[in-house]
Every structure is written in C-alpha cells, then in structure tokens.
Amino acid sequence: MNKESLMDEIIERIAVCTRCGLCQNRTQTVPGEGSLGAKIFFVGEAPGREEDLSGRPFVGAAGKLFTTILKAVDIAREEVYIGNIIKCRPPENRTPTMEEMKACAPFLLAQLQVVQPRLIVTLGASSLSFFLSGREIKITEMRGKYQQWEGGIPIFPMFHPSYLLRNASKAPGSPKALTWSDIQEVRRVYEQSE
Ligand code: SF4
C-alpha cells in the first residue's frame with residue numbers, strides 16, 4: 001500500500017471511532033492534514049471549536065497565528081504535517097485526560113509511521129507530556145530543548161499558539177520572542193532535509 005492509501009485508511013478509522021467518550025459531542029473528527037512526505041510533523045493537543053466545525057486542524061485564532069509563524073520562516077502548511085494527539089474536541093476545550101490520549105494515540109502513532117518525519121514539533125505541554133510517557137513537564141523550561149522519544153524521532157517542544165495569544169508581548173524573553181527563536185531551529189532542520 002502507498003502512503004496515500006495508508007493515511008486514507010487511518011482517517012476512515014478515525015471518522016467512525018468510538019474508543020472514548022469524546023466521540024459523543026463531536027461535530028466531526030479532526031484527523032490532521034499536510035504532506036505525507038513532510039519532514040516536520042507538528043503535534044498539538046486537541047481540536048477546538050473551529051476545528052470541530054471544519055474538520056481541519058489549527059484553523060481558529062491560534063491556528064491562524066500558527067500559520068503566520070510558519071509563513072514568517074517561509075514554510076507553507078502544505079509542506080509539513082499538522083495534527084493533534086486527540087482527534088475529537090473535548091467539551092469546553094478542557095485538557096484531555098491521559099486515558100483519552102492513550103485511547104486516541106494509536107491513530108497518531110500510525111500517522112507518524114506513514115509520514116516518517118525527521119522531526120516532531122510538539123505544541124504545548126500536553127503534547128510534549130504525551131511523548132514523554134505522561135511525565136509532568138514545565139513547557140516554559142523545556143521548550144526549545146530537544147527531547148528523546150522512545151519512538152526514535154527527535155522531539156522539539158514549542159509553546160502552543162493559544163498560549164502566545166494570551167501573552168502578546170514581544171519583549172526579549174517573552175513567549176513570542178522565544179517562539180521566534182524556536183521556529184528558526186525548526187526552519188534549520190527543514191532546510192537540512194530538503
Ligand atoms: S478522541 Fe480519538 S479515541 Fe476518542 S473517540 Fe475521538 S478518535 Fe476515538
């Protein structure tokens with residue numbers, strides 16, 4: 001089977017999944033999207049309202065900021081893969097439980113196997129914690145520092161764009177300024193892999 005067929009099959013399985021309670025309130029699933037040959041795979045936490053309505057990841061206010069950040073370093077959304085650990089919107093955008101993440105994780109792991117990126121960029125604390133076996137982490141301390149994952153693909157943690165929306169300052173040391181430095185590193189890996 002080629003990559004397209006494998007990913008289509010995963011997306012079809014996600015669309016009918018009832019493995020956890022989050023299936024009950026979804027408008028539709030949000031499997032992820034992007035290039036199946038992507039060298040960079042971005043992983044957020046879970047879909048929000050806009051994503052639930054559209055079926056696409058990172059399209060709300062935080063998603064628009066994320067797209068702007070990519071554009072600032074000349075990376076188009078279509079050239080990377082963008083997804084979440086959780087494929088259905090949690091009620092009121094609450095943080096997904098570890099049980100929900102474990103229930104949904106096989107889909108993400110299957111997607112990673114199809115895409116086989118050179119780098120996984122986690123967006124926010126939940127996503128990073130998932131790859132580090134549920135470890136409690138402080139994203140403010142760990143962003144921008146490479147992490148080892150048992151799956152063998154390097155992990156590079158960044159802030160979630162929704163955190164940047166709540167912290168608008170661009171002063172040196174601010175989340176936005178640190179994100180600017182982090183995305184340069186992502187760009188460096190992206191260039192290497194071209
Ligand atoms: S969140 Fe994941 S595991 Fe839960 S129902 Fe949706 S697709 Fe299935």
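Counting starts at 1 for both ligands and their atoms, in listed order.
- Residue side and main chain included, C88 places an N/O/S atom under 2.8 Å of atom 6 (Fe) of ligand 1.
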I would like to know whether S5 and N2 meet side chain to side chain donor-acceptor pair (under 3.5 Å); could you show each step before the answer? CA-CA 6 Å; S5 311; N2 61 23; 2.7 Å; yes
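- Around the NZ atom of K176, the shell of radius 6.0 Å holds more than 12 heavy atoms that belong to other residues, nucleotides or ligands.
- The two residues T67 and F58 come nearest to each other via the heavy atoms OG1-O, 4.4 Å.
- Each of the atoms 3 (S), 5 (S), 7 (S), 8 (Fe) of ligand 1 lies under 4.0 Å from some heavy atom of C17.
- Taking each heavy atom of P96 and A46 in turn, the nearest pair found is CG-CB, 4.3 Å.
- Among the backbone and side-chain atoms of C23, none of the N, O or S atoms lies under 2.8 Å from atom 2 (Fe) of ligand 1.
- Selection from P90, C104, G21 by nearest heavy atom to atom 2 (Fe) of ligand 1 gives C104.
- Neither the backbone nor the side chain of E100 has any atom closer than 4.0 Å to an atom of ligand 1 (non-hydrogen atoms only).
- Side chains of P31 and I10 form no contact here, defined as non-hydrogen atoms less than 4.5 Å apart.
- Close approach of ligand 1 to R26 is summarised as follows: ligand atoms under 4.0 Å from at least one heavy atom of the residue are 5 (S), 6 (Fe).
- With contacts defined as side-chain heavy-atom distances shorter than 4.5 Å, the pair F42/V186 qualifies.
- Among protein heavy atoms, atom 4 (Fe) of ligand 1 sits closest to C20 SG, 2.4 Å.
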